[in-house]
Amino acid sequence: MSDNPYSTAVLAWYETNARDLPWRRPEASAWSILVSEIMLQQTPVVRVLPAWRAWMERWPTPADLAREPSGEAVRMWNRLGYPRRALRLHACAVAVTEEYGGRVPDDHATLLSLPGIGAYTAAAVASFAFGQRHAILDTNVRRVLARAETGIQYPPKTQTKAETALAESLLPPTPSVAARWGVAVMELGALVCTARAPACADCPIAGQCAWRLAGKPAHEGPPRRGQTYAGTDRQVRGKLLAVLRDSVHPVSKDALDVVWDDGVQRERALDALVSDGLVDPLDDGRYALPG
DNA sequence: CATCCGTGGAG
DNA sequence: TCTCCAAGGAT
């Protein structure tokens with residue numbers, strides 16, 4: 001096994017162009033890296049930065065977070081989106097504190113067993129925090145590999161086994177190099193090989209990119225349609241939760257009812273929030289963030 | 001495996 | 001305005 005054909009160029013590019021993100025600094029704890037990865041799930045770096053700083057200042061260790069009620073995590077999460085992540089991060093803190101002596105586990109399988117941590121995040125923490133050799137396959141890497149290797153503009157909508165195999169085949173043999181490679185390809189996708197307007201002129205592997213060499217053929221097949229948001233239960237959930245987040249005290253049912261006209265949809269959304277553990281229905285008929 | 005789960009910014 | 005997309009995970 002030897003390093004893949006891109007690694008030297010990509011690693012050199014990363015050396016010069018990497019962003020100075022706080023969770024990449026040498027002094028960043030494994031826990032702070034884990035927190036950043038949860039926050040970064042489907043959320044842009046620029047929005048995570050201030051949230052991560054405030055979060056780590058308030059709760060520097062998993063034990064600090066674990067002794068808070070989960071509702072405080074939901075409140076602190078503010079408007080980062082997908083608030084179930086806050087709940088799972090809190091559950092993660094509890095598990096790390098109670099089952100692993102307050103230390104973030106360093107093996108992939110154990111990380112994978114923690115709440116809110118899937119294949120990508122487990123690999124990311126094992127690689128970025130502990131320098132291990134794991135394939136990093138996030139939306140950025142998928143796009144880079146789709147273009148450079150497969151020669152298509154966009155990766156498939158859902159991740160395939162072929163993509164996983166490809167990412168693993170490109171992994172440099174030495175763990176420390178592999179870890180560096182993973183974050184470097186991700187950064188290349190985030191800064192150069194972007195979804196809308198890739199800056200091929202600035203790309204260190206443009207000369208070896210199958211998609212570019214093929215003349216950048218446009219995406220084939222049906223348009224990659226994302227779900228619409230307006231009018232969905234997600235929007236209603238967001239409005240309901242915002243009321244609770246912004247109130248120090250439990251709120252009356254009336255205070256929740258005003259945020260959405262359609263009563264059927266509103267009740268469905270509220271029930272779902274309760275079911276998810278994001279909202280706590282009190283005995284007196286009011287509602288609060290979970291205690 | 002397809003769908004659901006928030007939010008905000010860029011083009 | 002409207003569409004697309006941003007370090008995914010759980011079911």
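Both backbone and side-chain heavy atoms feed into the values below; hydrogens, waters and symmetry mates do not. Here the structure is a predicted model, which is why all the values come from computation and not from measurement. Letters A, B, ... mirror the listed sequences (proteins, then strands); counts begin at 1.
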> Do A:R237 and A:D276 meet the salt-bridge criterion of a basic N to acidic O distance under 4.0 Å?
Replying inline: yes

> Are there more than 12 heavy atoms of other residues, nucleotides or ligands under 6.0 Å from atom CG of A:D261?
Replying inline: no

> Once you round it to whole Å, what is the distance between P of B:dC5 and CG of A:L270?
Replying inline: 14 Å

> Would you say a side-chain N or O of A:S36 is under 4.0 Å from OP1 or OP2 of C:dA7?
Replying inline: no

> How far, in whole Å, is B:dA10 from C:dA7 if one measures between their P atoms?
Replying inline: 15 Å

>> Taking only side-chain N and O atoms of A:R237, does any of them lie within less than 4.0 angstrom of OP1 or OP2 on B:dG6?
In response: yes

> Whole-Å distance between B:dC5 P and A:R268 CZ?
Replying inline: 9 Å

>> I want to confirm an ordering. Mapping A:L114 and A:T194 to their closest nucleotides on DNA chain C, which one lands closer to the 5' end?
In response: A:T194

>> Between C1' on B:dT7 and CE on A:M39, what's the gap in Å once rounded to a whole number?
In response: 14 Å

> Does A:Q41 place a side-chain N or O at less than 4.0 Å from the phosphate oxygens OP1/OP2 of C:dG8?
Replying inline: no

>> Let's test your reading of the model: under 3.5 Å, does the base of B:dG11 pair with the side chain of A:R196 as donor and acceptor?
In response: no

> Between atom CG in A:N140 and atom C1' in C:dA6, what is the gap in whole Å?
Replying inline: 8 Å

> Pick the nucleotide of DNA chain B nearest each of A:D233 and A:K161; which residue has the one closer to the 5' end?
Replying inline: A:K161

> Of the options A:R234, A:Q41, A:Q42, which is the one that meets A:Y82 in a side-chain hydrogen bond (donor to acceptor under 3.5 Å, both in side chains)?
Replying inline: A:R234

>> Let's see if you can work this out: which of B:dT7, C:dA10, C:dA7 has an atom nearest to the side-chain heavy atoms of A:R143?
In response: C:dA7

> Taking atom CG of A:L256 and atom CG of A:L244, what is their separation to the nearest 0.5 Å?
Replying inline: 5.5 Å

> Whole Å only: how far is the CG atom of A:L240 from the C1' atom of B:dG6?
Replying inline: 13 Å

> According to the interplanar angle, ranging from 0 to 90°, do the rings of A:W181 and A:Y6 count as parallel (below 30°), tilted (30 to 60°) or perpendicular (above 60°)?
Replying inline: parallel

> Could a donor-acceptor pair under 3.5 angstrom be found where the side chain of A:T43 meets the base of B:dG6?
Replying inline: yes

> When the P atoms of C:dG9 and B:dG8 are considered, how many whole Å apart are they?
Replying inline: 23 Å

>> OP1 or OP2 of C:dA6 versus the side-chain N and O atoms of A:T139: is any pair under 4.0 Å?
In response: yes

> Where the side chain of A:R24 is concerned, which of B:dT7, C:dA7, C:dG9 is the nearest nucleotide?
Replying inline: C:dA7

> Expressed in angstrom and rounded to an integer, what is the separation of A:Y120 atom OH from C:dG9 atom P?
Replying inline: 8 Å

> Roughly, in whole Å, what's the span from CG in A:L49 to C1' in B:dG8?
Replying inline: 15 Å

>> Whether the side chain of A:R47 and the base of B:dT7 hold a donor-acceptor pair under 3.5 Å is what I'd like checked.
In response: yes

>> Expressed as a whole number of angstroms, how long is the span from A:R79:CZ to B:dC5:C1'?
In response: 15 Å

